[in-house]
Amino acid sequence: MSDSFAKEITRRGFIARVGQSLAVANLAGTLLKGAEALEVPDPPGKKLGWAIVGLGSLAINQILPAFAKCEKSKVVALVSGHPDKANKLALRYGVNPKNIYNYQNYDTIRDNPEVDIIYIVLPNGMHAEYTVRGLQAGKHVLSEKPMANTPADCQQMVDAGRKANRKLMVAYRCRYEPYNQEAIRMARQQELGPIKVILADHGFNIGDPTQWRLNKALAGGGSLMDIGIYSLQAARYLTGEEPSEINAMMYSTPGDVRFKEVEETINFQLRFPSGVLANCTSSYGYSGQNRYRVVTAKGWFELEPATQYTGLRMYVHHDNTTEERVLPVRDHFALEMDHMSGCVMENKEPLTPGEEGLRDLTIMAGIYEAARTGKTIKL
Ligand code: NDP
């Protein structure tokens, strides 16, 4: 083979190969453009990445263990003021140490594509700031309850979510578990007839006087903000209505060092438009209150405990008999986090969006005002 012939063959081969490659590239480009337009569902078993902010009691004892039961959520990052604790937990839960943040470099989480959703588990007074920063970092946010210290803070969080086009959900775990869902179904379908009265009580005897829950700036208020909110939520989710009037009374034991800044006990009454009345209590001063009862013309049904993490029980009373209803026991936190992941995957509005937290804070502001002034507050 002469040199010139060999060169010609090589040149032709090159042109042909280039031609083929271009054709393949064009085809691939067309397919790619088509693929971009095509909406495909997530593969089965896909899990979104979560960052947990604030590694305290709830995060360590409930939230992190719950990931083992999640179908759509996995923990991929931790945010903490204590690197030793964060490193220890990262090792335990298989979190890459490069995904450990502190409160100063938290905003750089925006550059971490592994993180889809941020869960704020900080003291109440810090929820607003860390939620807004999380949303501004382009992440979806789940905030613990109460959503923030004031309705204005809640509004700021809702606005930040809208501006960033990201989901914002409040961690009302009871809305996602079978016992409370069954009570809601029974109430809304009037299984024992229309509701007359709801009685809801939440209380425990709070310990350490130096804890943040007794500090007004960090907690926003006393027992109402922490556990009275469960009584309020129950009255609202059982009726499916918003209260129109509020009465309230407050009491703190004189001289008790725990209640220098926030209230010990607050009792409140709500009137709902359908005529349902709710009597609710909330206290840091006595223990063992965790229940609600829905009273109708034909009988009543109740949960006790109603809102603890486990061991919920339901009783239904009518025709002079009381029966217990047993339902599946599920991890509230796994259900709640998977709900949020599902909403992000499918671009749906969460069952308990930021607006729901805002409604509670607005009503709680009314409860405090009613207790302070002794007047009925109309909403
Ligand atoms: P903890 O006090 O146990 O933990 C709060 C964590 O926040 C701390 O461990 C710390 O984490 C971080 N933190 C940052 N700054 C401060 C500060 N100035 N003071 C105190 N802690 C700080 O609280 P909980 O885990 O009990 O509660 C956290 C949130 O979860 C609250 O909003 C609470 O209302 C809510 N909650 C909800 C429950 C539910 O059932 N849905 C139940 C219990 C609580 P680090 O050391 O990592 O920085």
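We count ligands from 1, going down the list as the structure has it; atoms in each ligand are counted the same way.
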Q: With heavy-atom distances below 4.0 Å as the criterion, list the atoms of ligand 1 near Y309.
A: 40 (O), 42 (C), 43 (C)
Q: If the cut-off is 4.0 Å to any non-hydrogen atom of L55, which atoms of ligand 1 fall inside it?
A: 9 (O), 11 (O), 45 (P), 47 (O)
Q: Within ligand 1, which atoms have a heavy atom of N124 less than 4.0 Å away?
A: 31 (C), 32 (O), 33 (C), 34 (O)
Q: Within the distance-only criterion (no hydrogens, no angle test), does the side chain of E241 pair as donor or acceptor with the backbone N or O of S274 below 3.5 angstrom?
A: yes
Q: Using distance alone, with no hydrogens and no angle criterion, decide if N347 and K167 have a side-chain donor and acceptor under 3.5 Å apart.
A: yes
Q: Within a distance under 4.0 Å of any heavy atom of G81, pick out the atoms of ligand 1 and give their elements.
A: 45 (P), 47 (O), 48 (O)
Q: Should you measure from each heavy atom of G54, which atoms of ligand 1 turn up under 4.0 Å away?
A: 11 (O), 47 (O)
Q: Are Q269 and E245 close enough that a side-chain donor and a side-chain acceptor fall under 3.5 Å?
A: no
Q: For K85, does the NZ atom sit with more than 12 other heavy atoms under 6.0 Å from it, leaving out its own atoms?
A: yes
Q: Determine, using ring centers only, whether Y237 and Y172 are less than 6.0 Å apart.
A: no
Q: Which residue and non-hydrogen atom of the protein lie closest to atom 34 (O) of ligand 1, and at what distance in Å?
A: K145 O, 2.9 Å
Q: Have a look at M225, R173, R213, H127 and point out the one with the heavy atom closest to atom 40 (O) of ligand 1.
A: R173
Q: Among A171, A148, G56, whose heavy atom sits nearest atom 9 (O) of ligand 1?
A: G56
Q: For atom 18 (N) of ligand 1, which of I227, L218, V79, V121 has the closest heavy atom?
A: L218
Q: Closer than 4.0 Å to some heavy atom of M126 - which atoms of ligand 1 meet that?
A: 14 (C), 15 (N), 16 (C)
Q: If we only consider heavy atoms of Y103, is any one of them less than 4.0 Å away from an atom in ligand 1?
A: yes
Q: Do me a favour and list the nearest non-hydrogen protein atom to atom 20 (C) of ligand 1 with residue, atom name and distance?
A: P123 CG, 3.6 Å
Q: Counting distance only, does the side-chain N/O of D116 pair as donor-acceptor with the main-chain N or O of G49 below 3.5 Å?
A: yes
Q: Using a 4.0 Å heavy-atom cut-off, which part of Q62 comes near ligand 1: side chain, backbone, both, or neither?
A: neither
Q: For atom 3 (O) of ligand 1, what's the nearest protein heavy-atom neighbour? Residue, atom name and distance, please.
A: S57 N, 2.8 Å
Q: Do other residues, nucleotides or ligands put more than 12 heavy atoms under 6.0 Å from D111 CG?
A: yes
Q: Can E114 and N99 be counted as having a side-chain donor-acceptor contact under 3.5 angstrom?
A: yes
Q: So, do I120 and E144 sit near enough that their side-chain heavy atoms are less than 4.5 Å apart?
A: no
Q: Measuring from atom NE2 of H202 to atom OG of S283, what distance do you get when rounded to the nearest 0.5 angstrom?
A: 12.5 Å
Q: In the protein, what heavy atom is nearest to atom 25 (O) of ligand 1, and what distance, to one decimal place, separates them?
A: L58 N, 3.0 Å
Q: Taking the six-membered ring where the residue is Trp, are the ring centres of F333 and Y176 under 6.0 Å apart?
A: no
Q: Considering W212, Y130, Y119, which one's heavy-atom position lies nearest to atom 1 (P) of ligand 1?
A: W212
Q: Considering only protein heavy atoms, which is closest to atom 29 (C) of ligand 1, and at what distance to one decimal place?
A: L122 O, 3.3 Å
Q: For ligand 1, note which part of Y172 has a heavy atom under 4.0 Å away: side chain, backbone, both or neither.
A: neither
Q: Please tell me if the side chains of R133 and Y106 come closer than 4.5 Å, counting only heavy atoms from C-beta onward.
A: yes
Q: Is the shortest side-chain heavy-atom distance between D208 and Q211 below 4.5 Å?
A: yes
Q: Heavy-atom contacts with S80 under 4.0 Å: which atoms of ligand 1 show up? List them by number with element.
A: 45 (P), 46 (O), 47 (O), 48 (O)
Q: Among all protein non-hydrogen atoms, which one is nearest to atom 30 (O) of ligand 1, and what is the separation to 0.1 Å?
A: E144 CG, 3.4 Å
Q: I'd like to check which ligand 1 atoms, numbered from 1 as shown, lie under 4.0 Å from a non-hydrogen atom of Y230.
A: 38 (C), 39 (C), 40 (O), 41 (N)
